[in-house]
Amino acid sequence: ESVDVTARSLEKIATAISWDNPTEFHTIYAPSATFSKVKAHNYEFLPNIDASLEVLPGFLVRTSFSKMDSLSDLTQMVGTTSVGLTPKVGSRPASAGNPGLLPYESYNYDATAEWYYNVDSYVSMNYFSKDVVNFLTTTTTSVPINGITDPYIGAQKTAAVTYLHAHGVASPTDAQTFAQMLAMNPGQTSFPGQAGDPLAYFTLTIPTNANKVNIHGFEFAWQHIFDDSGFGLQASWSIPLGGARFNPLTTDTQFAVGGLSKSYSAMVFYEKYGFQARVAFTHRDAFLAGIGQAQATTQEPTYTDAYNQVDASASYDITDNISVVWDGINLTGESSSQHGRYKDQFLAAYQGGARFELGVHVKY
């Protein structure tokens, strides 16, 4: 798979820093916006290998290896650089996108044992392992941008400080220095950086590929068909392990993978004479929904609490091409809730309710 990325983004380019008074600075931008154009290229080899062996009659062993990828977050791949409006000394933030971000890559390993003890009835166990790389993180570096110079350490300030030293001010304050600059430059009220001044350095934050994680675990499944009655049972249980878990005992910035939790389901179904009906129960344990909360605490976690749901569906084939279908979703009207770092830090609750759908499927 070969990927070419061209990021064209409209931006007003920062061209200078202006020192406006002893404590205030502002960024000067180009008078009109222009399109940036940044290109990147990426090549991926994505193999997929599967093998199966019937060890005994009705008993199969399967193994597989595959590599998959998925494009990174497009909002992080913009081709612009944004400089803060008020670049004070010691606080000059800037941010940029990264069109060269690599895709998420997952190396997947599976090993499955299946026992078909009757026609369409089986028990299976699967072990899976996924090595996922290129998770997004951010890096911060101190860099010059667009050749912008720093008036705070420029020639005009140096001349003012030299004058004050010569007149007995050993350690002039910024207020004294700025006042002297005004005195030495009649008619000038602010002082943009000039050519020849030292470069200004900004704290630039960009998204990068750095984090990796291993997710592994087990999946169990069972299906039983009651002879030729049309009735059957299905059950499954998923146990993901590993991953990058959130540590509630530290307030440092953390990398954590959301969405991992144990789950299980059970279903009763009937399929015969053109009629299909299913009733399913699903349970999912609590899981990390993501880092960040609606209350604007960006480094605090949001967990979704454990949840149960009962669904049902039915259909009848009027002809080979026309079917009447019915779906009942969340029949018991279960609600959901979320909490923060600890279970007793309530964040939100969402009222649930049953939903029903009735329709006709037509094939032509």
**Student:** How many angstroms lie between CH2 in Trp115 and CE in Met125, if you round to the nearest 0.5 Å?
**Tutor:** 14.0 Å
**Student:** Using only heavy-atom distances, determine whether the side chains of Asp285 and Ser261 contain a donor-acceptor pair under 3.5 Å.
**Tutor:** no
**Student:** Quick one about Tyr117 and His224 (side-chain donor to acceptor, distance below 3.5 Å, no hydrogens or angles considered), yes or no?
**Tutor:** yes
**Student:** Do any N or O atoms from the side chain of Gln254 and from the backbone of Asn247 form a donor-acceptor pair under 3.5 angstrom?
**Tutor:** yes
**Student:** Examine Arg284 relative to Tyr307 and say whether NZ or CZ is less than 6.0 Å from the centre of the six-membered ring and inside a 45° cone about the ring axis.
**Tutor:** no
**Student:** Ignoring hydrogens and angles, tell me if any N or O in the side chain of Ser315 forms a donor-acceptor pair with the backbone of Val324 under 3.5 Å.
**Tutor:** no
**Student:** Does a donor on one side chain and an acceptor on the other come within less than 3.5 Å for Asp227 and Ser229?
**Tutor:** no
**Student:** Identify each donor-acceptor pair in which a side-chain atom of residues 262-271 lies under 3.5 Å from a protein atom, sequence neighbours left out, and give them as a table.
**Tutor:**
residue	atom	partner	partner atom	Å
Ser265	OG	Ser236	OG	2.8
Glu271	OE2	Arg278	NH2	2.2

**Student:** Check whether Tyr152 forms a cation-pi arrangement with Lys157 (NZ or CZ under 6.0 Å from the six-membered ring centre, at most 45° off the ring normal).
**Tutor:** yes
**Student:** Can you confirm whether Phe191 sits close enough to Phe178 that some side-chain heavy atom of one is under 4.5 Å from a side-chain heavy atom of the other?
**Tutor:** yes
**Student:** Which donor-acceptor pairs under 3.5 Å do side chains of residues 19-29 form with protein atoms, sequence neighbours excluded?
**Tutor:**
residue	atom	partner	partner atom	Å
Trp19	NE1	Asn21	O	2.7
Asp20	OD1	Ser18	OG	2.8
Asp20	OD1	His26	ND1	3.2
Asp20	OD2	His26	ND1	2.7
Asn21	OD1	Thr23	N	2.9
Asn21	OD1	Thr23	OG1	3.3
Asn21	OD1	Glu24	N	2.9
Asn21	ND2	Glu24	OE1	3.1
Thr27	OG1	Gly84	O	2.6
Tyr29	OH	Val83	O	2.9

**Student:** Do the ring centers of Tyr104 and Phe135 come within less than 6.0 Å of each other?
**Tutor:** yes
**Student:** Within the 3.5 Å criterion, strictly below it, is a donor on Tyr201 or Asp150 matched to an acceptor on the partner's side chain?
**Tutor:** no
**Student:** Is a donor from one side chain sitting under 3.5 angstrom from an acceptor on the other, for Asn321 and Thr319?
**Tutor:** no
**Student:** With rounding to the nearest 0.5 angstrom, report the CD to CG distance, Gln156 to Asp197.
**Tutor:** 7.5 Å
